[in-house]
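Structure, as structure tokens:
Reminder, nothing fancy here: chain letters follow the sequence lines and each chain counts from 1. All values derive from a computational prediction rather than experimental measurement.
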Amino acid sequence: MLDIQRLREFPDAIKQGMLAKGEKDTSLVDKAIQSDETWRHAVAELDAKRAEANKQAKEIGQLMAQGKKAEAEVIIAKTGEAKEALKALEEGLSELKETRNGYLLRIPNVPHESVPVGKTPEDNQPVHHHGEALTESWRKPHWEIAEEQGWIDFKRGVKVTGAGFPFYVGPIARLQRALIQYFLDTATDAGFTEIQPPFVVNEDSARGTGQIPDKEDMMYVIPRDEFFAIPTAEVPVTNFHRDEVLSASDLPLKYSAYTPCWRREAGSYGKEVRGLNRLHQFDKVELVYMVPASTSYEALEELRTYVESLIESLGLSYRTLLMCTADMGFTQSKKYDMEVWSPGQQRWLEVSSCSNFEDFQARRMMIRAKDEQGSIELVHTLNGSGLALPRIVAAIIEQYQQPNGQILVPDVLQSYMRTDSLDTA
RNA sequence: GGAGGGAUGGCAGAGUGGUCGAAUGCGGCGGUCUUGAAAACCGUUGAGGCGCAAGUCUCCGGGGGUUCGAAUCCCUCUCCCUCCGCCA
């Protein structure tokens, strides 16, 4: 949610940002400003009426205390109509506020000035390349290898749960565990505090990070207990500090968390979802920052650099893209995507997305920080994957496969895997 | 799942219909004293909305109700504690 003050002061800049993100209807801005104006007038009116009613009630109280009951009765007799007027005003007010917030919640975050304006994924800017995009024709896609070896069982996954819920068996199960451990250990060394969050959240939390009302179709719902299966650890971890006033001296807060992630991925099909490309359940280590507003873009670069060095440490070829306005989500003001090379598919696979949300999430969740002077300010939140497992596994299988069919284990994982080759794991 | 008890400011803890946004203690901040610190003493100390301001409104777990007036009474939900049941 954006600051209404900002809408009032710079409506055109907000509209421009919306258009750049590909939204067509900028009238939301005017509607929000108008409904806010109406709401504010109503607040003033109601407050004045309430002040009057409070004054009368106080008078009555004083008279009663002095035993002047008859005089009190005279005033009480006059309060009836004011009471009804108050009730009507109150009802009107809550309606007005809902309308106002309804508009406000549907206005996306505004892209940062450093974000390239664009319309399609081709407009994303490559900002970093590492390693060679292997093209040898003998390299097979990961699903062929994994199925041949019995390492990933998609069929039984379908039987037991459904498409997109594979079983990992033997070496790949172990590889995933090794990756999780490696990612968490590395994050700890880099100063992140590891937390294990709940894997389901309530409605308030889903609303806090913006899954509701914008993206509710992405989540699995547990209706009987009104829980949502988390689509990313971002949801519980960012909500960790919802409705809190933090101490500014504790910032920046840096958290790492491993969780499974559940996504319905309604509407996905074809080669996009082949193998490990897109699953309904996958594992991820997520990194979350809460920082003072003045330092969030430095923090974004720090996060980006960290994730890049993490991918590099696995010896994988990848690239970093600065996402253009159209390819950013609703809540981000700036976003980098990291994509590893899949030689078996000859395409790039997104494995991390590092974003600055500025105060967009923090305002909705009321996460603030108080400095030594006592002034309170919304924090800026950022997050990034460090990293998402399935596509990393796919890239390892495909990039580390040898002409003889053997799959080597990246150096940094060998101690966790207790071997240097998947075949012998 | 069943029975009972509870939820008040950063923390502890009073307050059971009327000058209560809320005693008191601790903590925090400022000061006096001190070479400095501690102790002692004095003062100060919640959040949010509207408003240029004066000011005003809202908030005592959440929501709803009774009343001229609610922290206080009623309903409901959530959470916590004790006991029983179940259980990795």
Side-chain angles (χ1 to χ4, degrees), chain A residues 1-9 32-105 196-208 212 222-228 236 239-251 253 260 359 361-379:
Chain A
M1 186 156 74
L2 288 172
D3 186 5
I4 183 69
Q5 196 100 16
R6 193 168 158 197
L7 264 75
R8 277 196 261 163
E9 278 175 46
I33 294 170
Q34 263 164 31
S35 60
D36 177 64
E37 186 110 342
T38 314
W39 170 78
R40 275 156 51 221
H41 280 298
V43 167
E45 195 185 348
L46 175 64
D47 280 1
K49 282 258 170 21
R50 273 182 176 158
E52 206 177 311
N54 286 346
K55 206 172 129 195
Q56 281 184 324
K58 227 160 225 182
E59 260 175 69
I60 294 165
Q62 273 169 356
L63 291 171
M64 294 292 236
Q66 292 163 17
K68 298 176 181 167
K69 201 168 174 195
E71 283 175 52
E73 291 293 345
V74 174
I75 303 177
I76 290 175
K78 287 193 290 194
T79 55
E81 59 196 280
K83 208 185 164 189
E84 266 174 51
L86 262 179
K87 199 157 197 173
L89 278 174
E90 271 166 16
E91 272 168 32
L93 189 74
S94 58
E95 238 170 81
L96 288 173
K97 180 141 200 182
E98 234 166 85
T99 308
R100 181 191 92 130
N101 286 348
Y103 290 131
L104 225 40
L105 284 169
Q196 288 188 346
F199 296 168
V200 294
V201 295
N202 60 28
E203 189 178 326
D204 285 343
S205 298
R207 194 176 299 283
I212 306 177
I222 303 166
R224 180 167 167 172
D225 297 290
E226 292 177 82
F227 289 148
F228 297 85
N239 274 283
F240 189 54
H241 290 299
R242 172 155 50 87
D243 295 324
E244 289 183 21
V245 179
L246 306 164
S247 165
S249 58
D250 291 338
L251 300 182
L253 289 170
D359 61 12
Q361 290 184 325
R363 177 167 298 104
R364 197 185 278 213
M365 275 188 276
M366 290 305 278
I367 304 177
R368 294 162 296 169
K370 190 181 204 167
D371 65 21
E372 274 131 36
Q373 284 76 42
S375 72
I376 291 178
E377 172 183 79
L378 290 166
V379 303

Could you measure between the two [atom1] atoms, the one in [N] and the one in [M], and give it in whole Å?
{"N": "B:A7", "M": "B:U16", "atom1": "P", "value": "13 Å"}
{"N": "B:U34", "M": "B:A54", "atom1": "P", "value": "40 Å"}
{"N": "B:C26", "M": "B:A40", "atom1": "P", "value": "9 Å"}
{"N": "B:G61", "M": "B:G10", "atom1": "P", "value": "13 Å"}

> Across all strands, who's sitting opposite B:C59 as a Watson-Crick or G-U wobble pair, both distances under 3.5 Å?
Replying inline: B:G46
> Considering every strand shown, what is the Watson-Crick or G-U wobble mate of B:C41 when both distances are under 3.5 Å?
Replying inline: B:G31
>> Please list, in numerical order, the residues of residues 86-102 of chain A that have a heavy atom closer than 4.0 Å to any atom of RNA chain B.
In response: none
> Is the number of heavy atoms from other residues, nucleotides or ligands under 6.0 Å of A:Glu95 CD greater than 12?
Replying inline: no
>> Is it true that, when you exclude A:Glu226 itself, more than 12 heavy atoms of the residues, nucleotides or ligands shown sit nearer than 6.0 Å to its CD?
In response: no
Going by atom type alone, with no hydrogens or angles, which donor-acceptor pairs under 3.5 Å involve a side-chain atom of residues 36-60 of chain A and a protein atom two or more places apart or on another chain?
unit_1  : atom_1 : unit_2   : atom_2 : d
A:Asp36 : OD1    : A:Arg100 : NH1    : 2.5
A:Asp36 : OD2    : A:Arg40  : NH1    : 3.1
A:Thr38 : OG1    : A:Gln34  : O      : 2.9
A:Arg50 : NH2    : A:Glu90  : OE2    : 3.1

>> Could you tell me the boundaries of the chain A footprint on RNA chain B, defined by atoms under 4.0 Å from its heavy atoms?
In response: B:G18 to B:G69
>> Taking any heavy-atom pair under 4.0 Å as a contact, classify A:Lys49: base, sugar-phosphate, or nothing.
In response: nothing
